> 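Sharing a structure, written as structure tokens. Questions coming.
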Amino acid sequence: MSKTIEKVRVRIKENKKVYIHNDLSNAAYYFRARIRERFKARDHEGLGHEVMACLTMIAFAIEANVNFIGSKVMNPWDEALPTKEKMKLVSQKLGFGADFGKRPYQTVTELKQFRDALAHGKPIELTREFEAITTQEELDKSSYLQGEWEKFVDIEFVERAYKDMQEIWSELMKMSGLEVFDAITSGGRSIEFIEHVKG
């Protein structure tokens, strides 16, 4: 004999603010810590993949940070614009100019190139013949099978990109007048019992 499940009528009130920029920044932090540990331990197997993941998270976090600030200081806000356009709009609104010719904003351009090379991945086919004057060592080091995105897969670039991400975020937060607690995912839920329901 099946047991009857008692039902109740309730009034539910919910509010939530889910800010993905926090999750992306945390993922970048995690991968950066892993890369540092593994590099220090000379554990290089697959390390390039973690560098790729870290740089991707940094690129996504920067864009999400700009989307967060933009949504708070501009009305309407268009998150579909290219990242640099959004950054220009936000920086103008906040009264400063994002200079993409020098750090930290120069890194945004490099991360965009990296991200686009991955996101819009396409085959590269090349046939050529040429003569060169070189050494055996230079030939051994040549990276003719390297993809365009691979030039960014570098631990020093991870460190620079991570630092620049933090610097940009800090500047945007300071100029926006927002507090740290304004940028944290939060929410609440209350459930009020109304009555038992038959049936």
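Keep in mind it's a predicted model, so treat the numbers as computed, not measured.
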> Looking at side-chain heavy atoms only, is the closest gap between Met165 and Trp169 below 4.5 Å?
no
> How about His120 and Arg115: do any of their side-chain heavy atoms sit closer than 4.5 Å?
yes
> Donor-acceptor pair, distance only, cut-off 3.5 Å: does the side chain of Asp182 make one with the backbone of Leu178?
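Side chain of Asp182 to backbone of Leu178: no pair is present.
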> I'd like to know if Phe60 and Ile20 are part of one continuous hydrophobic network [Ile/Leu/Val/Met/Phe/Trp/Tyr, side-chain heavy atoms within less than 4.5 Å].
yes
> Looking at every non-hydrogen atom in both residues, tell me the closest pair between Leu94 and Ser176 and how far apart they are.
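Looking at all heavy atoms of both residues, the shortest contact is CD2-CA, 3.7 Å.
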> Given 3.5 Å as the limit, does a donor-acceptor pair link the side chain of Lys84 with the main chain of Thr109, or not?
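No.
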> With a 3.5 Å distance limit and no angle check, can you tell me whether His21 reaches the backbone of Ala183 through a side-chain donor-acceptor pair?
yes
> Using every non-hydrogen atom in the two residues, find where Ile194 and Arg11 come nearest and quote the distance to one decimal.
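Scanning both residues completely, I find the closest heavy atoms to be CD1-N, 3.8 Å.
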> May I ask you to say whether Lys13 pairs ionically with Glu192, meaning some side-chain N is under 4.0 Å from a carboxylate O?
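Salt bridge absent between Lys13 and Glu192.
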> Thr107 side chain to Arg103 main-chain N or O, any donor-acceptor pair under 3.5 Å?
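Answer holds: no.
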> Is the shortest side-chain N to carboxylate O distance from Arg36 to Glu159 below 4.0 Å?
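Looking at Glu159 together with Arg36, the answer is yes, because their closest N to O distance falls below 4.0 Å.
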> Is it true that Lys86 and Glu63 make a salt bridge, defined as a side-chain N closer than 4.0 Å to a carboxylate O?
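Counted as a salt bridge, because a side-chain N and a carboxylate O are separated by less than 4.0 Å.
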> Is it true that Leu47 and Phe31 fall in one hydrophobic cluster, defined by side-chain heavy atoms closer than 4.5 Å?
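No: no chain of side-chain contacts under 4.5 Å links Leu47 to Phe31.
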> Treating Ser25 as the side-chain partner and Asn22 as the backbone partner, does any N or O pair qualify as donor plus acceptor under 3.5 Å?
no
> Val90 versus Trp77: any side-chain heavy-atom pair under 4.5 Å?
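Yes, side chains in contact.
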> Would you find a donor on one side and an acceptor on the other, under 3.5 Å apart, between the side chain of Thr185 and the backbone of Tyr19?
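At least one qualifying donor-acceptor pair exists.
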> In terms of hydrophobic clusters joined by side-chain contacts under 4.5 Å, are Ile168 and Leu24 together?
no
> Is there a donor-acceptor contact under 3.5 Å from the side chain of Thr56 to the main chain of Met52?
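Yes.
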> Please check if Phe39 and Met57 belong to a single hydrophobic cluster, counting links between Ile, Leu, Val, Met, Phe, Trp and Tyr side chain heavy atoms closer than 4.5 Å.
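Different clusters.
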> Does Val8 share a hydrophobic cluster with Ile12, counting links as ILVMFWY side-chain heavy atoms below 4.5 Å and allowing steps through other members?
yes
> Looking only at side-chain N and O atoms, does Tyr162 offer a donor or acceptor that is under 3.5 Å from a partner on Glu167?
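There is no such pair between these side chains.
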> With distance as the sole test, does Arg189 use its side chain to make a donor-acceptor pair with the main-chain N or O of Lys16 at under 3.5 Å?
no
